[in-house]
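Throughout, numbering of the chain's residues begins at 1 and tracks the sequence. For ligands, and for the atoms within them, numbers begin at 1 and follow the listed sequence.
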Amino acid sequence: MQQKVTVVGAGNVGAMAAQRLVEREMADVVLVDILEGIPQGKALDMMESAPVERFDARIRGSNGYDETEGSDVVVITAGLARKPGMTRDDLVLKNQEIVGGVTREIARRSPDAILVVVSNPLDAMCEVARRVSGFPRERVFGMAGVLDSARMRWFIAEALGVSVESTHAFVLGGHGDTMVPLPRYSTVGGVPIPELLSQDKLDAIVKRTREGGIEIVNYYKTGSAYYAPSSAVVEMVDAVLKDKKKVLPCAAYLQGEYGMRDVYLGVPVKLGRGGAEQVLEIRLLDEEREALAKSAEAVRELFRILKV
Ligand code: APR
């Protein structure tokens with residue numbers, strides 16, 4: 001393949017994203033993890049599926065970073081999940097150490113790469129990657145909104161008994177409790193969903209979207225979602241590699257847009273070969289603006305914990 005993508009973290013999200021990338025022949029992939037043998041084993045296992053699945057993209061696994069040199073896009077999924085007894089602040093500091101270390105290695109070898117951050121807490125980890133890499137804001141952004149809106153689209157499709165392809169959903173804000181799903185910009189066949197669903201049903205969809213991550217964790221018990229998160233990553237990487245100028249909700253570093261500055265927040269972004277090329281601003285109602293400000297405040301609170 002002509003393009004090279006590195007995926008750091010060969011866990012559930014990373015491995016699944018890597019698999020989707022090579023199976024679709026979108027790029028050659030380097031899969032990196034700190035666990036000895038795991039990225040090598042998963043990469044070899046995937047290559048051995050290639051004759052049957054019929055793809056000619058290559059995937060290699062490594063515990064180091066030399067193989068990642070010259071990557072076009074780097075997806076960062078490395079991190080720890082929150083364990084019992086760990087405070088949110090502990091998790092931020094631990095994952096900051098991991099994401100900071102990964103970013104340092106990546107930035108040295110792929111100074112022109114675009115970084116797609118997946119590790120949680122997402123908005124704070126985007127900031128860690130931005131500060132440590134020193135890359136411009138266009139080249140450091142996070143995956144959250146594509147996943148959140150995909151979840152919302154599925155709930156809409158299920159509620160109305162329509163094809164998922166006919167749905168569109170719009171989600172702003174941080175990745176978490178303060179997420180701001182916007183039904184009035186969410187549509188089925190171009191029709192805003194408040195025209196099609198009762199207020200009760202809309203409220204239920206908004207709530208379920210906001211709690212989408214937890215719903216899956218409650219099923220899995222020991223782990224979090226990865227099928228939908230990896231799909232979301234791949235859609236973003238595809239938009240970048242093909243310079244599609246696709247408008248997708250991403251965690252982007254705001255510099256005055258939506259009246260906010262120096263904070264990562266989920267907003268609609270034009271994704272192309274330059275990365276997050278443009279933040280699209282839409283007019284918000286007062287209560288939506290307030291919800292977004294609350295979301296930004298929650299993200300800033302995490303930034304204050306960071307020691308970078
Ligand atoms: N360098 C490289 N890899 C690392 C490092 C490190 N310093 N530290 C941890 N890892 C690896 C782990 O070894 C593990 O294989 O990151 C991987 C994380 O995988 P999982 O625990 O399976 O987590 P996953 O479900 O893939 O989620 C990854 O995405 O959605 C977010 O909250 C989620 O932050 C989490 C991330």
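For atom 7 (N) of ligand 1, the nearest non-hydrogen atom from the set Val99, Leu91, Val233, Ile98 belongs to Ile98. Counting heavy atoms only, Ile34 comes closest to atom 1 (N) of ligand 1 of the residues Val13, Ile34, Leu80, Val75.
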| task | Just do the salt bridge (Lys or Arg N to Asp or Glu O under 4.0 Å) check on Arg137 and Glu257 with the steps written out, would you? | result | CA-CA 13 Å; Arg137 68 167 178 158; Glu257 297 90 353; 2.9 Å; yes
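Ion pairing between Asp243 and Lys245 holds under the 4.0 Å rule for side-chain N and carboxylate O. In this structure, Arg273 pairs ionically with Asp72, as a charged nitrogen and a carboxylate oxygen lie closer than 4.0 Å. Between Lys294 and Glu297 no salt bridge is recorded (no basic side-chain N to carboxylate O distance below 4.0 Å). Arg208 and Glu158 are joined by a salt bridge, as a carboxylate oxygen and a charged side-chain nitrogen come within less than 4.0 angstrom of each other. Ion pairing between Arg108 and Glu105 holds under the 4.0 Å rule for side-chain N and carboxylate O.
Heavy-atom proximity to Leu35, at under 4.0 Å, picks out these atoms of ligand 1: 13 (O). Of all atoms in ligand 1, numbered sequentially from 1 with element shown, those under 4.0 Å from a heavy atom of Asn120 are 30 (O), 31 (C), 32 (O), 33 (C), 34 (O).
Every residue two or more places apart in sequence or in another chain was checked for a side-chain hydrogen bond (donor to acceptor under 3.5 Å, both in side chains) with Asn95, and none qualifies. Take Thr167 and apply the side-chain hydrogen bond (donor to acceptor under 3.5 Å, both in side chains) test, not counting sequence neighbours, and it matches Arg153.
For the pair Asn95 and ligand 1, the shortest N or O to N or O distance does not fall below 3.5 Å. Between Ser119 and ligand 1, a contact under 3.5 Å exists for no N or O pair. Considering both main-chain and side-chain atoms, Thr77 never comes within under 3.5 Å of ligand 1 through any nitrogen or oxygen pair.
In terms of protein heavy-atom proximity, atom 4 (C) of ligand 1 is nearest to Ala78 CB, 3.6 Å. Closest to atom 15 (O) of ligand 1, if we only count protein heavy atoms, is Asp33 OD2, 2.6 Å. Counting only heavy atoms of the protein, atom 19 (O) of ligand 1 lies nearest to Gly11 CA, 3.3 Å. Shortest contact from atom 21 (O) of ligand 1 to any protein heavy atom: Gly79 O, 4.5 Å. The nearest protein atom to atom 23 (O) of ligand 1, hydrogens excluded, is given as Asn12 N, 4.5 Å; this is a heavy-atom distance.
Proximity of atom 34 (O) of ligand 1 to the protein is indicated by at least one non-hydrogen atom lying closer than 4.0 angstrom.
Judged by a 6.0 Å distance limit and a 45° cone about the ring axis, Arg139 is positioned over the six-membered ring of Phe135.
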